[in-house]
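So the structure is just underneath, and the comments pick up after that.
Chain letters run A, B, ... following the sequence lines, proteins first, then strands; residues in each count from 1. Note that the coordinates shown come from a computational prediction; the quantities given were computed from them, not determined experimentally.
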There are 2 protein chains.
Amino acid sequence: MGWEGVRDEVLRRIRARDWAPGEVIPGEEALAVEFGVARATVNRALRDLAEAGLLERRRKAGTRVALLPVRKATLEISIIRQEVEARGEVYGHRVLESRMEGVPLAVALRMGVAAGARMMFLETLHLAGGRPFAHEVRWLNIAVLPGGVVPDFGEVSANEWLVQNVAYATGDIEFSAESARPEEAAALGIRAGDPVFVTERATWTAEAPITFVRLLHGPGYRLRTMV
Amino acid sequence: MGWEGVRDEVLRRIRARDWAPGEVIPGEEALAVEFGVARATVNRALRDLAEAGLLERRRKAGTRVALLPVRKATLEISIIRQEVEARGEVYGHRVLESRMEGVPLAVALRMGVAAGARMMFLETLHLAGGRPFAHEVRWLNIAVLPGGVVPDFGEVSANEWLVQNVAYATGDIEFSAESARPEEAAALGIRAGDPVFVTERATWTAEAPITFVRLLHGPGYRLRTMV
DNA sequence: TACCATTTGTGCGTATGTATG
DNA sequence: CCATACATACGCACAAATGGT
């Protein structure tokens, strides 16, 4: 039995309530003996379940079944082109606006910079099969661009360019539902006031903020994930 | 240097583009020699980065820097009571409806059962500080309830009861933006047509479907995550 | 196709580090 | 302060996948 076998058997016991929520389960050494495997193998299995939120492990206190297991759903954030192509449609995008601009206060707060800091402002419409798919508004800190050169975002979208060139950064994401503002509705080809799915994302490296994006998807868009 | 040290150094090299996207990095053995650690330690570090989507590993082919790193955001799905209390507000809930009912087609499809299958229908309003926080509509397969006994969902919410009693199951989640229907708007104390943030979640065990929930949050609600 | 060489994946036994009851 | 249980590490071995001959 490998570590996945151990994990599955432990999971079965948790689900079968052989080990009740809150209860301390046998130690690694005891389980290793019972299953006839090395302690490291048990460790690997239990660590996996702890990462999934089903077990809570503390030195000396031992391992216990989580009382209120926090379900962790993993969202895979792909670039928009991939998302569109995964639907079997042809991707395209149009840059609607591109200029230098001072960031508004709300954006400055999210990016951790002073309000009015000058950044590149980009407004882009993403298309699926020629029809509007998502509306993007982005502030971009050109100071962090490699070589200080601003790429041609008419060629490759800023979304994709950043993933390939300034990626491997950290960030936070917020999802919400809003009413489409008139300009947004016009860009997306929907009615003002229609509900839009909003994704707002701030990205930064250890040194500096990189970009803040506000992405709007029209009615019918669904963000899916598996648990 | 421990495995986290190895991971951080590898991450630094990726960000610094010492190793470019798509490029094969040195093998585990070589890195182990370079860092002066055991191969298992390098393995642990690289496995971690691969899980994060920054590396792609294949036997024989080696380890390469991901060309298009898929950002994996982890959502921690907590029970609504915790979410409300985390905001420093008092949680409460009211059961608006509770009856046996055949499931509609859309729900049947999501749950993988025949349309019209009889399940328990529950409509609940979750309160934060006495004010509507979320509106919940749920179909529940009472066949899977331990002992076949239906708990008193006036006491503990179905949400919380299920997490504690039928938890450790799998499922899928969908998020979307919709317009509040008149009944929903009335329950939430908002205007019909206002945008609502919709969470739909189907849960099942290996044997049978457990429950399908449709959860509505009114304007202002934001789902946050860190990358 | 068949086989081989390479690289990652996993396992074992042991030892030491570290948080903590 | 100590005993305990998890966390990590080492070195070795073999398995499994797979790119290339």
Side-chain angles (χ1 to χ4, degrees), chain A residues 1-14 18-70 72 74 168, chain B residues 1-14 18-70 72 74 168:
Chain A
M1 166 159 28
W3 73 269
E4 290 182 302
V6 173
R7 179 199 58 190
D8 292 347
E9 172 59 14
V10 170
L11 183 55
R12 191 195 63 73
R13 292 185 188 181
I14 293 172
D18 293 349
W19 295 327
E23 188 180 322
V24 176
I25 74 173
E28 292 185 350
E29 186 55 44
L31 291 175
V33 171
E34 181 192 341
F35 293 132
V37 299
R39 195 168 80 84
T41 306
V42 173
N43 182 281
R44 180 90 153 84
L46 298 187
R47 197 158 32 81
D48 198 66
L49 290 169
E51 270 167 26
L54 273 77
L55 292 177
E56 287 167 5
R57 319 193 72 198
R58 285 207 329 278
R59 288 168 155 122
K60 164 74 178 177
T63 300
R64 59 185 62 225
V65 181
L67 260 182
L68 294 176
V70 177
K72 290 178 183 160
T74 303
Y168 316 112
Chain B
M1 169 158 27
W3 74 268
E4 289 180 301
V6 173
R7 180 198 56 191
D8 292 347
E9 172 58 17
V10 170
L11 183 55
R12 190 195 64 73
R13 292 186 188 182
I14 293 173
D18 292 348
W19 296 327
E23 186 179 325
V24 176
I25 74 174
E28 293 186 349
E29 188 55 44
L31 290 175
V33 171
E34 180 192 343
F35 293 131
V37 300
R39 190 170 76 89
T41 305
V42 173
N43 182 280
R44 179 91 152 82
L46 297 186
R47 198 155 35 76
D48 199 64
L49 289 169
E51 269 167 26
L54 273 77
L55 292 176
E56 286 167 5
R57 320 192 72 202
R58 281 205 332 277
R59 286 165 154 125
K60 166 72 180 177
T63 300
R64 59 184 62 226
V65 180
L67 261 181
L68 294 175
V70 178
K72 289 176 182 164
T74 303
Y168 316 112

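Nearest to the side-chain atoms of A:R57 among the listed nucleotides D:dA15, D:dC6, C:dG13 stands D:dC6. Nearest nucleotide to the B:W3 side chain, out of D:dG19, D:dA9, C:dG11: D:dA9. The side chain of B:K60 lies closest to D:dT18 when the candidates are C:dG21, C:dT10, D:dT18.
Going from atom CG of A:L46 over to atom C1' of D:dC6 covers 10 Å, rounded to whole Å. Note: CD (B:E56) to P (C:dT7) measures 18 Å, nearest angstrom. When rounded to the nearest whole Å, the span between CZ of B:R39 and C1' of C:dG11 equals 12 Å. The interatomic distance linking A:R59 (CZ) with C:dT18 (C1') rounds to 5 Å, in whole Å. With rounding to whole Å, A:E4 atom CD is found 12 Å from C:dG9 atom P. For the pair B:M1 CE and D:dA9 P, the interatomic distance rounds to 10 Å; values are reported in whole Å. Rounding to whole angstrom units, CD of residue B:E29 and C1' of D:dA13 are separated by 13 Å. Between A:D48 atom CG and C:dG9 atom P the separation is 15 Å, expressed in whole Å.
Pairing of D:dC1, defined by two Watson-Crick or G-U wobble distances under 3.5 Å, is not identified with any nucleotide.
For the OP1/OP2 pair of D:dA7 and a distance below 4.0 Å, the side-chain nitrogens and oxygens of A:N43 include at least one atom meeting the criterion. Phosphate contact (OP1/OP2 of C:dC12, side-chain N/O of A:T41, threshold under 4.0 Å): present. Distances shown here put a side-chain N or O of A:R44 below 4.0 Å from the OP1 or OP2 atom of C:dT10. Between B:T63 and the phosphate of C:dT7, there is no side-chain N or O to OP1/OP2 separation shorter than 4.0 Å.
The shortest non-hydrogen separation linking B:M1 to B:V37 is O-CG1, 3.3 Å. Counting all heavy atoms, side chain and backbone alike, A:V10 lies closest to A:W19 at CG1-CZ3, 3.7 Å.
Of the residues B:R47, B:R44, B:R39, the one that meets the salt bridge (charged side-chain N to carboxylate O under 4.0 Å, His left out) test with B:E28 is B:R39.
Side-chain contact between A:D18 and A:R12: present, with at least one pair of heavy atoms (C-beta onward) separated by less than 4.5 Å.
To the nearest 0.5 Å, the span separating CD1 on A:I25 from CZ on A:R64 amounts to 10.5 Å.
Comparing A:R58 and A:V37 against DNA chain C, the residue whose closest nucleotide sits nearer the 5' end is A:V37.
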